[in-house]
Amino acid sequence: MTDYLARLNPEQREAVETVDGPLLVLAGAGTGKTRVLTTRFAHILLTGRAYPSQVLAVTFTNKAAREMRERVATLLGAPADGLWLGTFHALGARMLRRHAGLVGLTSGFTILDADDQLRLLKQVMEAERIDTKRWPPPLVMGVIQRWKDRGLPPARVTAAEDTDIADGRARALYAAYQARLLALNTADFGDLLLHTVELLRTDAAVLADYHRRFRYILVDEYQDTNLVQYYWLRLLAQAHRNICCVGDDDQSIYSWRGAELENILRFEKDFTGARIVRLERNYRSTTPILGAAAGLIAHNQGRLGKTLRSGRDDASGEKVEVVGLWDSEEEARMVGGRIEALRADGHALAEIAVLMRAGFQTRAFEERMIALGLPYRVIGGLRFYERQEIRDAIAYARLLVQPADDLAFERIVNLPRRGVGEGALRTIRDHARSAGMPLFAATAALLAAGTLRGRVRESLAALLGGFARWRAQLDQEGHVVTLATMLDECGYTEMWRQDRSPEAPGRLENLRELVRALGDFETLAGFLDHVALVMENDEGAQGDRVQLMTLHAAKGLEFDTVFLPGWEDGLFPSQRSMEEQGARGEEEERRLAYVGLTRARRRAIVSHAANRRIFGSWQVNMPSRFLAELPPEHVNEPGSAALERDRRAGLPPAFPFFARRPREIEPWETPSRAARATTIAVGARVFHKKFGYGTVTGAAEDRLDITFDKAGTKRVLDRFVDPA
DNA sequence: AGGTTAGTAATTTTT
DNA sequence: TTACTAACCT
């Protein structure tokens, strides 16, 4: 009956069964941390210590939350409903909605996304006459967010914190920005926690309510928590002290977002008598991979100290390969060639990942994948809800739900074009300000007063009339039909239908997908919350594709084969990180490298290029300092055995660093697939998913030369285009 | 109003 | 290299 406990090793079992009192679980990479958390959750419920609604379980990402929910449900043998399980932000939002009135919001407040935050801050800065050229809003936003990460509302920020940023008026801007947020009945991401913590700090009744409610608290990825999150946890846990935090100091990679590694170190101080359990048995990776990762991370000071041991018995695993190449293009070819070889050997593409330091690096690999015809997926690019057309449609939806949403109004008032230009908009803004009303209401007033004339008057009257109609329809026919009708009647879908650009069909498809997704929610407001909090990109999760992503995005994932390109000083470790954070920055970069290596189950291929194309010009790079920190006994460098093995396996040779750039085409560039004649004729109009519409100007075997309308001339495989 | 062009700036990671 | 903005032209 307690067979779920029997499946754990002794340390894991201790972490699960130490239910009462504070507990810190230091869980190395691949040591079964998620299993411990979910089993512990189930254990608390199954032993009758608490009802599902009395456990608070916090994760860092939506994906982790979903996974935990599913696994708890499996352990319980029943759907896990009514749980307080989610990300810090989602749970914060849920709490804030219950007490919105206490912080000056109504429970229907909307959550601003990053884009809206910046636009709003920019408006505030312009109103305060701060030069937004000299002080870019993103920079100022960063300062404000760091304050929020530390749990500081404007009133708690001391004068000493005002640096030269924004002419020394960052604090004033912060206060003005917060005032605007309240006026618009909105909260930004940081507010979801900041407001909640202020509430718990100042309102004893609210705090007592949550103390009664939550008897057990579980926290995932504790090393990534920032100060507000820490205060939030401490306030909620201080009554019963049944808090269990799981984390790994070696995987702390979010300090730039305010994460405080200190939180782990102070855990014992704040929760006296806390037990600490270390999970060190790794069940994921081979011995060489673990050895390389351990050797690397040992170069960091100030660790809590864990030694990963292999939980499996396979000392015979492949060594970590280190490959030096002439330039970044050759690096992409090497990775592409190796992936082709792996596929030929029967490896699943979905078990291969290319993990890089920065997002812009994906492009080179993407192009290589396209050229080779390898299916791939980029994780964490532009997310669905960040796309222009989706944000436009959502702005319409927001305005429908909340007519006072000025940000949404400004976004769509002239979209599609309605002849509302800067002049008309200024008239509306002026009236709104002087009358103290939202832009939407101000427009209605100006129309009634006859101030607006001509085409502007007509189109705005039509737009406002439309909103009146759609609001009525919302009650009668529901949100799904209404959104679809609204997007059609306002001319938005028509706008994209008229658009001849290559992205237009995809955008229309996305809009259809949006309407479909809306059907999963009972109310429009619920959907908008989801949009703000769960910005994810789930499309195409299925299918056997190579995974391309950043190292940050890879945390928590694992793959049989991991490629780690771009290990060059300046890129990785990143120049910027080291300039801004010094030794601390370098240590965080090293942790990132550690995270990357430990994603690999069976093989890891690290590479570096001597020359890298970066923003159009070539940059000469030195190999990453991290390479020298990998213990030689776990590493294979090209030159001897590696070359010989590659040759026998028919793999592309790994070029010695600084080798002469070869003049001829590499052997692995010759397509191995059987050439066949294309069926597409020269002169045909075609459509390509990435490059858009174009005209075929030449054909050889299955390759086409196409002059694209927007993307220039390219040579692509015929299977990637469709007749236009 | 709206489209076009030229100039400039920025390039890390994300709930 | 691209993306964004500001100024300029229709």
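Here is the naming used below: chain letters follow the sequence lines, and residue numbers restart at 1 for every chain.
- One finds a salt bridge joining A:Glu629 and A:Arg590 here, because a Lys/Arg side-chain nitrogen approaches an Asp/Glu carboxylate oxygen to under 4.0 Å.
- Contact annotation for A:Tyr254: backbone-only contact, meaning every heavy-atom pair under 4.0 Å involves sugar-phosphate atoms and none involves a base.
- By the 5.5 Å and 30° criteria, A:Trp256 is stacked with the base of B:dT13.
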Item to check | Where protein sits on nucleotides 2-8 of chain C, one letter per nucleotide: B base, S sugar-phosphate only, - none, heavy atoms under 4.0 Å | outcome: S--SS--
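- If you check every strand for non-hydrogen atoms under 4.0 Å, A:Asn414 touches sugar and phosphate atoms only.
- Taking atom NZ on A:Lys63 and atom C1' on B:dT14, their separation rounds to 13 Å, with Å as the unit.
- Look at CD on A:Gln117: it is 16 Å from P on B:dT14, rounded to the nearest Å.
- Taking side-chain N and O atoms only, A:Arg417 has a distance below 4.0 Å to OP1 or OP2 of B:dG3.
- The aromatic rings of A:Phe60 and A:Tyr254 sit tilted, their planes meeting at an angle between 30° and 60°.
- For A:Arg97 (side chain) and A:Phe109 (main-chain N/O), a donor-acceptor pair under 3.5 Å exists by modelled atom type.
- Ring orientation note: the planes of A:His530 and A:Phe521 are tilted relative to one another, at an angle of 30° to 60°.
- One can place CE of A:Met141 at 14 Å from C1' of B:dT14, the figure rounded to the nearest angstrom.
- Of the side-chain N and O atoms in A:Thr550, one or more sit less than 4.0 angstrom from OP1 or OP2 of B:dT14.
- In this structure, the CZ atom of A:Phe60 is 15 Å from the P atom of B:dT13, given to the nearest Å.
- Following rounding to the nearest Å, A:Arg455 (CZ) and B:dA1 (P) show an atom-to-atom distance of 9 Å.
- Ring planes of A:Phe267 and A:Tyr222: perpendicular class, angle over 60° (limits at 30 and 60°).
- Taking atom CG of A:Leu551 as the reference point, atom P of B:dT14 lies 10 Å away to the nearest angstrom.
- Distance A:Arg426 CZ to B:dA1 C1': 13 Å, rounded to the nearest Å.
- In this structure, A:Arg612 is not positioned above the aromatic face of A:Trp618 in the sense of NZ or CZ being under 6.0 Å from the six-membered ring centre and within 45° of the axis.
- Within 4.0 Å of A:Ala424, counting heavy atoms only, lie sugar-phosphate atoms of the nucleic acid but no base atom.
- A:Ala395 approaches A:Arg411 most closely through the heavy-atom pair CB-CD, 3.8 Å.
- Residue A:Gly423 is in sugar-phosphate contact alone, with no base atom involved, counting any heavy-atom pair closer than 4.0 Å across all strands shown.
- If A:Thr59 and A:Pro136 are placed on DNA chain B by their nearest nucleotide, the residue sitting closer to the 5' end is A:Pro136.
- What separates CG of A:Leu112 from C1' of B:dT15 is a distance of 15 Å, to the nearest Å.
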